[in-house]
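Here the structure is laid out as structure tokens; the discussion comes afterwards.
Starting from 1, each residue takes its place in the sequence as its number. Counting convention: from 1, in listed order, for ligands and their atoms alike. As a basis for the values below, the full set of heavy atoms in this structure was taken, side chains included, without hydrogen atoms, waters or symmetry mates.
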Amino acid sequence: MKITEQTVSNYIFSNYPNDSTHFSQKGHEQVVYFQDEATGLQAIVAIHDTTLGPAVGGLRFFEYQDERDALKDVLRLSRGMTYKSSIAGLDFGGGKAVLMKKKGMELTEALLRKYGTFIERLGGDYITAPDYNTTMEHMVDIAKSTRHVIGLPVTLGGSGDPSEHTAYGVYIAMKATAKKTFGTDSLAGKKIGIAGIGKVGYSLAKLLCQEQAIVYVTDICSKRLQAITEVCKVEVVAAERLYSWPLDIYAPCALGATLNSATIPMLNCSIVVGSANNQLADQDRDGKLLLKRGIIYAPDFLANAGGLINAVTELEPKSQDLVKKRIELLYIICLDVLDKAAKTFRPTQEVAQEIAIARIQSIKNAQLGR
Ligand code: NAD
């Protein structure tokens, strides 16, 4: 089967069965639809929560089935950004933007400038950044009409590509989860399978190989597989076989919703830690399924917070040394989540979410004088 964005879209949305488009259910503060006839721009910006600071989140350029799917996506992703910022101890809120792609549509400078003028109108409540199908170069064009953009190239004073930092955070979360599960955080000799060897997966594989882990990789793109085999000693496994491959750690680093009622029973590992956003197709059901199977899961929004920690240095400048230390703090946060979850026999994602929400709620309570 030829994999197109439409196939991916169908896959993702059929796998998030319980997502709704009711903003109030997920507590969003503001959801805005922008349209410009001249450039063909149609975008939705969702600001989930700004209690801790302005909402930060990427701009996704994607061929959705319809506006409803775009809305579902932006609502879900923006809420995840709130949790990510909060649990990582950042003073930012959660937001996201989706730009609806139509056949043959290109991200022209005119379109990106227009998008920038819309973002500027939000007065800084939402700060846009690169995400799926948008790059640092696109941010340069957006920056021509708004100040509220991050993820610019280092040569222009930006923080550059976040992927290496995201990979480092996943690696740190993997070590914490290994410590909890195996009693040691050394990954040497551990069998680790990476699904998706794109920007994050590639950097992660390199870190794991440096530590003498036994690394298996899969991707639907042969070029990506070739690129990693040229620099690391990894074994390539067919995409559908990696789920049931005998592993210590399974690392989903491709799309979301790959942990679901069909794939979780197939897993043959002790731990799941990866970079993909929204790995659990149904958070409630699939968190419990993993727990029932005795598989320790490092919550996605915690494990993949490294890129965000680096990107916000464009707003709050910090040295690379401090960024590294801050990402390494994810180790302690992750252990705390795993301990609390183990003590209460609850899914780790649920516990992590509770910790993230509690931080926000304490600020809200203080504001209300409670
Ligand atoms: P990417 O597009 O560079 O890589 C994704 C890889 O997954 C590609 O090589 C693609 O071919 C592969 N892939 C797609 N479908 C697949 C399938 N069914 N089986 C196997 N491989 C498949 O993206 P990335 O920047 O590396 O991000 C990976 C994931 O991590 C995404 O879900 C992204 O949202 C998330 N994430 C990334 C960052 C970051 O800093 N880049 C930060 C947070 C979260």
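Heavy-atom proximity to Gly198, at under 4.0 Å, picks out these atoms of ligand 1: 3 (O), 4 (O), 6 (C), 9 (O), 26 (O). Near Pro162, meaning under 4.0 Å from one of its heavy atoms, ligand 1 places the atoms 40 (O). Near Cys221, meaning under 4.0 Å from one of its heavy atoms, ligand 1 places the atoms 11 (O). Close approach to Ser275 involves these atoms of ligand 1, each under 4.0 Å from a residue heavy atom: 28 (C), 29 (C), 30 (O), 35 (C), 36 (N), 44 (C).
Using modelled atom types and a 3.5 Å distance limit, the side chains of Thr51 and Asp49 yield a donor-acceptor pair. Judged purely by distance below 3.5 Å, without hydrogens or angles, the side chains of Gln349 and Asp284 never pair a donor atom with an acceptor atom. Using a 3.5 Å distance cut-off with no hydrogens or angles, the side chains of Glu164 and Ser203 do not pair a donor with an acceptor. Using modelled atom types and a 3.5 Å distance limit, the side chains of Thr128 and His148 yield no donor-acceptor pair. Side-chain polar atoms of Asn260 and Thr263 form a donor-acceptor pair below 3.5 angstrom. Judged by distance alone, the side chains of Asp131 and Thr134 never bring a donor and an acceptor atom under 3.5 Å apart. Side-chain polar atoms of Gln283 and Gln353 form a donor-acceptor pair below 3.5 angstrom.
Residue contacts with ligand 1 for Cys253 involve N, CA, C or O but no side-chain atom from C-beta outward (heavy atoms, distance under 4.0 Å). Of the heavy atoms in Arg224, only side-chain atoms (C-beta onward) come closer than 4.0 Å to ligand 1. At a heavy-atom distance under 4.0 Å, atoms from both the backbone and the side chain of Ile220 approach ligand 1.
Of the N or O atoms in Asn304, none lie within a sub-3.5 Å distance of an N or O in ligand 1. Not one N or O of Leu255 is nearer than 3.5 Å to an N or O of ligand 1, by distance alone. Geometrically, ligand 1 and Asn277 share a nitrogen or oxygen pair separated by less than 3.5 Å. Between Gly201 and ligand 1, no N or O atom pair is found at a separation short of 3.5 Å.
Nearest residue to atom 32 (O) of ligand 1 from Gly306, Gly196, Ala254, Ala305 is Ala254 (criterion: closest heavy atom). For atom 11 (O) of ligand 1, the nearest non-hydrogen atom from the set Leu225, Asp219, Asn278 belongs to Asp219. Here the shortest heavy-atom distance to atom 23 (O) of ligand 1, taken over Lys199, Lys223, Gln279, belongs to Lys199.
Electrostatic pairing of Glu328 and Arg326 does not count as a salt bridge here, judged by no charged N lying under 4.0 Å from a carboxylate O.
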Check: residues 185-194 side-chain donor-acceptor pairs under 3.5 Å, at least two apart:
unit_1: Asp185; atom_1: OD2; unit_2: Tyr331; atom_2: OH; d: 2.8
unit_1: Ser186; atom_1: OG; unit_2: Ala188; atom_2: N; d: 3.2

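Between Ser163 and ligand 1 there is a heavy-atom distance shorter than 4.0 Å.
The ring-ring contact (aromatic ring centres under 6.0 Å, His included) search around Phe92 returns none, not counting sequence neighbours.
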